[in-house]
Participant: 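Can you read through this structure? Questions will come right after.
Values in this document were obtained by computation on a predicted structure and should not be read as measured data.
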Amino acid sequence: MANQTQKYIALRCAGYNNVDLTAATKLGIKVTRVPSYAPEAVAEFAVGMIMTVVRKYHKSFLRVREGNFLLDGLMGFSLAGKNIGLIGTGKIGLITGRILAKGFCCNVLAHDPYPSPEAAEHGIKYVDTLEEMLGQALKSGHLGAVGLDVYERESEYFFADSSAKIIHDDVFARLLSFYNVFMTGHQAYLTQEAVRRIADTTIQNLKDLKATGTSPNLVTE
């Protein structure tokens, strides 16, 4: 890239683990990213996943499409008054907590080694340890359901039609086979507003680099 007078790498995402920053620095290539573009979208999606696994929307949808209107196995529970635990209270965590506390009247508990001064106004209460937050749920070793939008080794399958592929990742395959696992393909950020923000920030990063040689979103080692 450097031999072809490549000056910049403008990432349209927050992560930069797929870029060799050491090599880029040696070659004089500057790297920028979009550090934040969809906290509201991801928080809303997370709450939607909670509602899906709690009220079994996905199972009901599939049944009704096949003409099955039985309610057997669709018993859920109300979120109002329930304890909800958050691990991490960055931008996404704070918004998620606010939706659950203010919108669903949940008792939102959180653990974060770096507490946010905004947490209280969002209805979030901090606890000192994960054990304290999870309480009996941690001791029981039981999970009622799991909602996932990302998977650590997703790159081989996500963002492509993998319906004709054999899934060789045994953990991933097993997760997909569980009746109480609801998984989506890394789409939590995918809203019109977020995509526009990504595009605008990426273009602005390039404009800043051209005009000043640097950018607020420059990635360094």
Side-chain angles (χ1 to χ4, degrees), residues 1-46 48-49 86-96 110-116 118 130 146-176 181-221:
M1 295 174 68
N3 290 336
Q4 298 175 1
T5 67
Q6 184 78 30
K7 296 181 179 179
Y8 315 125
I9 296 176
L11 300 172
R12 295 177 296 123
C13 56
Y16 50 89
N17 56 296
N18 57 337
V19 177
D20 187 335
L21 294 178
T22 301
T25 301
K26 288 180 179 178
L27 294 170
I29 298 174
K30 295 182 178 180
V31 181
T32 60
R33 66 182 182 126
V34 183
S36 176
Y37 50 85
E40 298 89 356
V42 176
E44 291 166 5
F45 196 86
M49 292 195 101
L86 293 177
I87 300 175
T89 50
K91 291 181 180 179
I92 295 170
L94 285 176
I95 297 170
T96 303
H111 173 70
D112 193 321
Y114 305 99
S116 170
E118 301 174 35
L130 285 176
V146 175
L148 297 170
D149 184 55
V150 296
Y151 178 65
E152 185 177 4
R153 296 182 291 275
E154 66 184 37
S155 59
E156 187 177 346
Y157 305 102
F158 282 25
F159 304 113
D161 182 356
S162 298
S163 58
K165 286 184 179 180
I166 295 175
I167 297 179
H168 296 286
D169 186 324
D170 291 339
V171 174
F172 187 35
R174 192 176 184 197
L175 280 171
L176 292 175
V181 171
F182 177 61
M183 183 175 288
T184 51
H186 206 143
Q187 70 179 75
Y189 77 95
L190 194 59
T191 60
Q192 296 175 2
E193 295 82 358
V195 171
R196 169 55 61 185
R197 200 174 302 164
I198 290 169
D200 290 346
T201 303
T202 301
I203 292 171
Q204 189 59 52
N205 286 343
L206 289 170
K207 286 182 177 179
D208 290 342
L209 286 171
K210 185 176 181 180
T212 67
T214 188
S215 164
N217 301 316
L218 190 69
V219 181
T220 57
E221 293 184 81

Participant: Return yes if some donor-acceptor pair links the side-chain N/O of N217 with the main-chain N/O of P35 below 3.5 Å, else return no.
Facilitator: no
Participant: Search all heavy atoms of S116 against all heavy atoms of T89 and return the closest pair with its distance.
Facilitator: CB-O, 4.0 Å
Participant: Any donor-acceptor pair under 3.5 Å linking the side chain of K30 with the backbone of S215?
Facilitator: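 Judged by distance alone, no pair lies under 3.5 Å.
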Participant: Assess whether atom CZ of F159 is packed by more than 12 heavy atoms of other residues, nucleotides or ligands within 6.0 Å.
Facilitator: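 Yes, enclosed.
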Participant: Above 12 or not: heavy atoms from other molecules or residues under 6.0 Å from NZ of K26?
Facilitator: no
Participant: Check step by step if side-chain contact (heavy atoms from CB on, under 4.5 Å) holds for V19 and L11.
Facilitator: CA-CA 9 Å; V19 177; L11 300 172; 3.9 Å; yes
Participant: T212: what forms a side-chain hydrogen bond (donor to acceptor under 3.5 Å, both in side chains) with it, not counting sequence neighbours?
Facilitator: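 Testing T212 for side-chain hydrogen bond (donor to acceptor under 3.5 Å, both in side chains), a comparison that skips the adjacent residues, returns none.
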Participant: Does Y189 have any ring pair (Phe, Tyr, Trp, His ring centres under 6.0 Å) partners at least two apart in sequence or in another chain, and if so, which?
Facilitator: none
Participant: For the backbone of I198 and the side chain of R12, can you confirm whether one donor and one acceptor N or O come within less than 3.5 Å of each other?
Facilitator: no
Participant: Walk me through it: do R197 and V34 pass the test side-chain contact (heavy atoms from CB on, under 4.5 Å)?
Facilitator: CA-CA 9 Å; R197 200 174 302 164; V34 183; 5.8 Å; no
Participant: Check step by step if side-chain contact (heavy atoms from CB on, under 4.5 Å) holds for I203 and K207.
Facilitator: CA-CA 6 Å; I203 292 171; K207 286 182 177 179; 3.8 Å; yes
Participant: Partners of E154 by side-chain hydrogen bond (donor to acceptor under 3.5 Å, both in side chains), sequence neighbours excluded?
Facilitator: H186
Participant: Return yes if some donor-acceptor pair links the side-chain N/O of D149 with the main-chain N/O of A188 below 3.5 Å, else return no.
Facilitator: yes
Participant: Tell me whether D208 contacts the main-chain N or O of T214 through its side chain, where contact means a donor paired with an acceptor under 3.5 Å.
Facilitator: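 No; judged by distance alone, with no hydrogens or angles, the pair does not exist.
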Participant: For D161, what residues pass the side-chain hydrogen bond (donor to acceptor under 3.5 Å, both in side chains) criterion, not counting sequence neighbours?
Facilitator: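 Checked D161 against side-chain hydrogen bond (donor to acceptor under 3.5 Å, both in side chains); matches are S163.
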Participant: As a quick check of understanding, evaluate side-chain contact (heavy atoms from CB on, under 4.5 Å) for T191 and E44, giving each step before the final call.
Facilitator: CA-CA 11 Å; T191 60; E44 291 166 5; 5.7 Å; no
Participant: Has the side chain of R33 got a donor or acceptor atom that lies under 3.5 Å from a matching backbone atom of C13?
Facilitator: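 Not at all, since once roles are kept as given, no pair shorter than 3.5 Å links the two residues.
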Participant: Tabulate below the donor-acceptor pairs under 3.5 Å that side-chain atoms of residues 166-174 make, not counting sequence neighbours, or state none.
Facilitator:
from: D169; atom 1: OD1; to: Y151; atom 2: OH; distance (Å): 3.0
from: D169; atom 1: OD1; to: V171; atom 2: N; distance (Å): 3.1
from: D169; atom 1: OD1; to: F172; atom 2: N; distance (Å): 3.1
from: D169; atom 1: OD2; to: Y151; atom 2: OH; distance (Å): 3.0
from: D169; atom 1: OD2; to: R153; atom 2: NE; distance (Å): 3.2

Participant: Of all residues at least two apart in sequence or in a different chain, which pass the side-chain contact (heavy atoms from CB on, under 4.5 Å) check with T220?
Facilitator: L218
